[in-house]
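Below is one structure, written out as structure tokens; the observations come after it.
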Amino acid sequence: MYYHVYIVLKDGTDLTENDLTSEELERRIITPYNGGREFVSAGYPVDPYNIKRIRISQTDVPSKEIIPIIRAEERQSHAIAV
């Protein structure tokens, strides 16, 4: 399994971590977050009290295989963001 973390900070900054193992996810993100301690994501220090949103997703394949599929689907979409 591969875990992917998407964090949005209160100032609007977004950070992404892809292809973490469950051990890496627990050690680097979940344990410090749950303990109210700062951690590093995408090379940036993150204060858990400055997080607006955090999303953790799980996939069977690494991001390098998923991202091209998502981009292709987005190109085929007829939705327009305003």
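Starting from 1, each residue takes its place in the sequence as its number. Since the model is a prediction, treat every value here as computed from it, not as a measurement.
Residues Glu17 and Arg28 have side chains in contact (heavy-atom distance under 4.5 Å, counting atoms from C-beta outward).
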Name each donor-acceptor pair under 3.5 Å that joins a side chain in residues 29-48 to protein atoms two or more places apart or in another chain, with its distance.
from	atom 1	to	atom 2	distance (Å)
Thr31	OG1	Glu26	O	2.9
Thr31	OG1	Glu26	OE2	3.0
Asp47	OD1	Tyr49	N	2.9

Only pairs under 3.5 Å count here: list side-chain donor-acceptor contacts from residues 50-59, not counting sequence neighbours, and write none if there are none.
from	atom 1	to	atom 2	distance (Å)
Thr59	OG1	His4	NE2	2.7
Thr59	OG1	Val61	O	2.7

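Residue pairs meeting the side chain to side chain donor-acceptor pair (under 3.5 Å) criterion with at least one member in residues 7-16, sequence neighbours excluded: Tyr6-Asp14, Asp11-Thr13.
For the atom pair OH of Tyr2 and CD of Glu24, the computed distance is 11.0 Å after rounding to the nearest 0.5 Å.
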